[in-house]
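All values reported here derive from a predicted model rather than from experimental measurement. The chains referred to below are lettered A, B, ... by the order of the sequence lines, with proteins before strands, and numbering in each begins at 1.
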Protein chains: 2
Amino acid sequence: MARRYDPGRRERIIDAALRVVAREGIAGLSHRTVAAEADVPLGSTTYHFASLDELLVAALRRCNENFARTVRESDCLADPGVPLAGGLTRLLEEWFAGGRGPAELEYELYLAALRRPALRAVAAEWADDLGALLASRTDPATARALVALLDGISLQVLLTGGEFDAAYTREMLGRIVDGAGR
Amino acid sequence: MARRYDPGRRERIIDAALRVVAREGIAGLSHRTVAAEADVPLGSTTYHFASLDELLVAALRRCNENFARTVRESDCLADPGVPLAGGLTRLLEEWFAGGRGPAELEYELYLAALRRPALRAVAAEWADDLGALLASRTDPATARALVALLDGISLQVLLTGGEFDAAYTREMLGRIVDGAGR
DNA sequence: CCTGGTTGTGTACGGGCGTACACAACCATC
DNA sequence: GATGGTTGTGTACGCCCGTACACAACCAGG
């Protein structure tokens, strides 16, 4: 039966799940497709993840970590000399520059929380983490609104197939930020 | 074979599809489930809608119409005496007062456009229609941003399972609106 | 009344799915 | 090196799916 010693198989399954979702969407995710993608036996996926929800939770969490690292490594937000709205706009611009793919993947997992209560906690973490990051440059309510507006603008781009408009984005984020000072 | 004369069967199938999606999500929508819900033979659903995408397009369009009618009938936006931000907040408040159900249904269909290009045009219509409605009270860019922020705030509520916060919403919408005047 | 075309149905096929479970491989203990 | 517990696999079952298609019901023109 060829059982291999394979630590980190769990992680490889999560990676495979992300590739499957990126390619075919959550609708195309099944124990079988992810097993094939990760090149592990079918039983292995059900063994490590009792349900697809569990696998999705792990995948979304991994996504969040990747995004958080990207944000932290980018200096768009760190430098207090750069206006907050401008930094956020640049961040989003870089993100969309990578094409629809990555953005679609992250949002699909994030939005899946709408129908899957198991994902809600992770989705909330994401919003909170980003909010906390921004809160160091403004107040919590404003930070939350910035996250909401970023989500809304990104969705408009992704859902309607439109283009990302940096000037417009900067302007509107600016209105939220500036409103905090009055 | 009992073929009935049944005009409006197409419409009844769309209604049934909305009920199915409301109850079980898009994942639970199939030719069979919708046929059972509409109490028509299986072949009837494939006859009227060649693919599920086609059915989803019809369902989303119907949703849009319902929402547009609700907005038009509500006087939250019509009265120029009411501040725009306040009117929108009240509209959203009434919407959420109906429970998660209706909001979940509309957003699930709307967000499905992320992965289904066939729905993009209808999703774009929705955003444009609402934008056009708001544009009569402000400029187009501001109107678009208001829609984006409304989407973002609604999503935060629905995805994280949180509560709708009217005061916060009014405040942030207000910042977008007021920013237009400077 | 027949007849040819259109509209709508029932059924059956092949395929992918989640899940269960017997059992192989491994490891620690003696 | 036997043994008992744990970890991981292969396989098979039953279910639901989209799709195709023969054919019933209907309708209009002759």
Side-chain angles (χ1 to χ4, degrees), chain A residues 1-60 108-109 112-119, chain B residues 1-60 108-109 112-119:
Chain A
M1 248 190 205
R3 196 162 67 124
R4 281 186 292 165
Y5 172 65
D6 183 9
R9 162 162 294 194
R10 208 188 136 88
E11 304 306 310
R12 280 179 39 231
I13 291 176
I14 299 175
D15 290 340
L18 287 174
R19 287 196 299 276
V20 170
V21 174
R23 196 193 319 129
E24 309 172 43
I26 289 182
L29 188 74
S30 73
H31 284 124
R32 283 164 220 271
T33 54
V34 74
E37 177 71 31
D39 193 30
V40 298
L42 168 59
S44 193
T45 62
T46 63
Y47 179 74
H48 287 284
F49 301 93
S51 70
L52 285 182
D53 264 21
E54 213 172 282
L55 180 53
L56 282 174
V57 167
L60 177 54
E108 186 166 12
L109 286 170
L114 184 68
R115 275 293 182 181
R116 304 179 198 246
L119 290 180
Chain B
M1 247 189 210
R3 198 163 65 125
R4 280 185 294 166
Y5 173 66
D6 183 8
R9 162 160 295 195
R10 206 187 138 89
E11 304 307 309
R12 280 182 35 234
I13 291 176
I14 298 175
D15 289 340
L18 286 174
R19 287 197 300 275
V20 170
V21 174
R23 196 192 321 127
E24 310 173 43
I26 289 182
L29 188 74
S30 73
H31 284 123
R32 282 163 221 270
T33 54
V34 74
E37 177 71 32
D39 193 30
V40 299
L42 168 60
S44 194
T45 62
T46 63
Y47 179 76
H48 287 285
F49 300 92
S51 70
L52 286 181
D53 264 22
E54 212 173 282
L55 180 53
L56 282 174
V57 167
L60 177 54
E108 185 167 12
L109 286 171
L114 184 67
R115 276 293 181 179
R116 304 180 198 244
L119 290 180

What nucleotide, of [options], holds the atom closest to the side chain of [X]?
| X | options | result |
| --- | --- | --- |
| H31(B) | dT19(C), dG18(D), dC17(D) | dG18(D) |
| L52(B) | dG10(D), dG18(D), dT9(C) | dG18(D) |
| Y47(A) | dG18(C), dG8(D), dG18(D) | dG8(D) |

### Nearest heavy atoms of L18(B) and L109(B), plus distance in Å
CD2-CD1, 3.7 Å
Does [X] have a side-chain nitrogen or oxygen under 4.0 Å from the phosphate oxygens OP1 or OP2 of [N]?
| X | N | result |
| --- | --- | --- |
| R9(B) | dT7(C) | no |
| R10(B) | dT7(C) | no |
| S30(B) | dC17(D) | yes |

### Task
Give T45(B) one of three labels, base, sugar-phosphate or nothing, depending on what nucleic acid heavy atoms sit under 4.0 Å from its own.
nothing
Rounded interatomic separation in angstrom, taking [atom1] from [X] and [atom2] from [N]:
| X | N | atom1 | atom2 | answer |
| --- | --- | --- | --- | --- |
| L55(A) | dC17(C) | CG | P | 14 Å |
| R32(A) | dC17(D) | CZ | P | 16 Å |
| D39(A) | dG10(D) | CG | C1' | 15 Å |

Is the shortest side-chain heavy-atom distance between [X] and [Y] below 4.5 Å?
| X | Y | result |
| --- | --- | --- |
| I13(B) | R10(B) | no |
| H31(B) | L52(B) | yes |
| I26(B) | V20(B) | no |

### Task
Specify the residue among L42(B) and T46(A) whose closest nucleotide of DNA chain D lies further upstream toward the 5′ end.
T46(A)
